[in-house]
Amino acid sequence: ALAPVAASLAGALRGRLNAVQQAAPRSDGTSRPCPPVQAGIWRALGHDPVNLDQLSERTGLTVAELAPMLLAMELDGRISADAGRYTRRP
C-alpha cells in the first residue's frame, strides 16, 4: 500500500537532487549558475560582511528560510561565514 507513495516521493527527491547538482560547482573549479533564490542572496550580500538579520531585511526571506540556503552556499564554496557574518567568496 505504501509502494506507490514511496515511488512518488523518490521521484520528487531525485528531481530536487538533480536541480541541486546542476547548481553546484564543478570539480574543475568552475561554477554553474546559482539557483534564482541563491542568486538573490548573493546580490544581497554585497561586498561587505553582513549578519543574518541584515540579509533577512535585504532579501525579505525569514531567518529560517535563509539559514539552509546559506549553508548550501557555504558548502558550495560561494560564501564564507565568520563570527556570524557572511561574505562572498571570489
To the nearest 0.5 Å, what is the distance between [atom1] on [X] and [atom2] on [Y]?
X   : Y   : atom1 : atom2 : answer
R85 : L45 : CZ    : CG    : 11.0 Å
S8  : L2  : OG    : CG    : 12.5 Å
S56 : N51 : OG    : CG    : 10.0 Å
M73 : Y86 : CE    : OH    : 11.0 Å
L70 : Q38 : CG    : CD    : 8.5 Å

Handout entry: Closest contact, heavy atoms only, D48 versus R58
Key =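 Minimum heavy-atom separation between D48 and R58: OD2-NH2, 3.9 Å.
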
Problem - Within one Ile-Leu-Val-Met-Phe-Trp-Tyr cluster: W42 and V63, side-chain cutoff 4.5 Å - result: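 Result: yes, single cluster for both.
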
Problem - Expected output: side-chain E65 to main-chain T62 donor-acceptor under 3.5 Å - result: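 Side chain of E65 to backbone of T62, a donor-acceptor pair under 3.5 Å: yes, one is there.
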
Exercise for the section: Would you check if the side chain of R78 reaches a backbone N or O of R88 as a donor-acceptor pair within less than 3.5 Å? Expected result: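 Pair absent, no side-chain N/O of R78 close to backbone of R88.
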
Practice task
Compare all side-chain heavy atoms of L61 with those of L55 and state whether any distance is below 4.5 angstrom.
Solution key: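 Heavy-atom side-chain distance check fails, nothing below 4.5 Å.
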
Problem - Non-hydrogen side-chain atoms of T59 and L66 separated by less than 4.5 Å - result: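 Yes, side chains in contact.
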
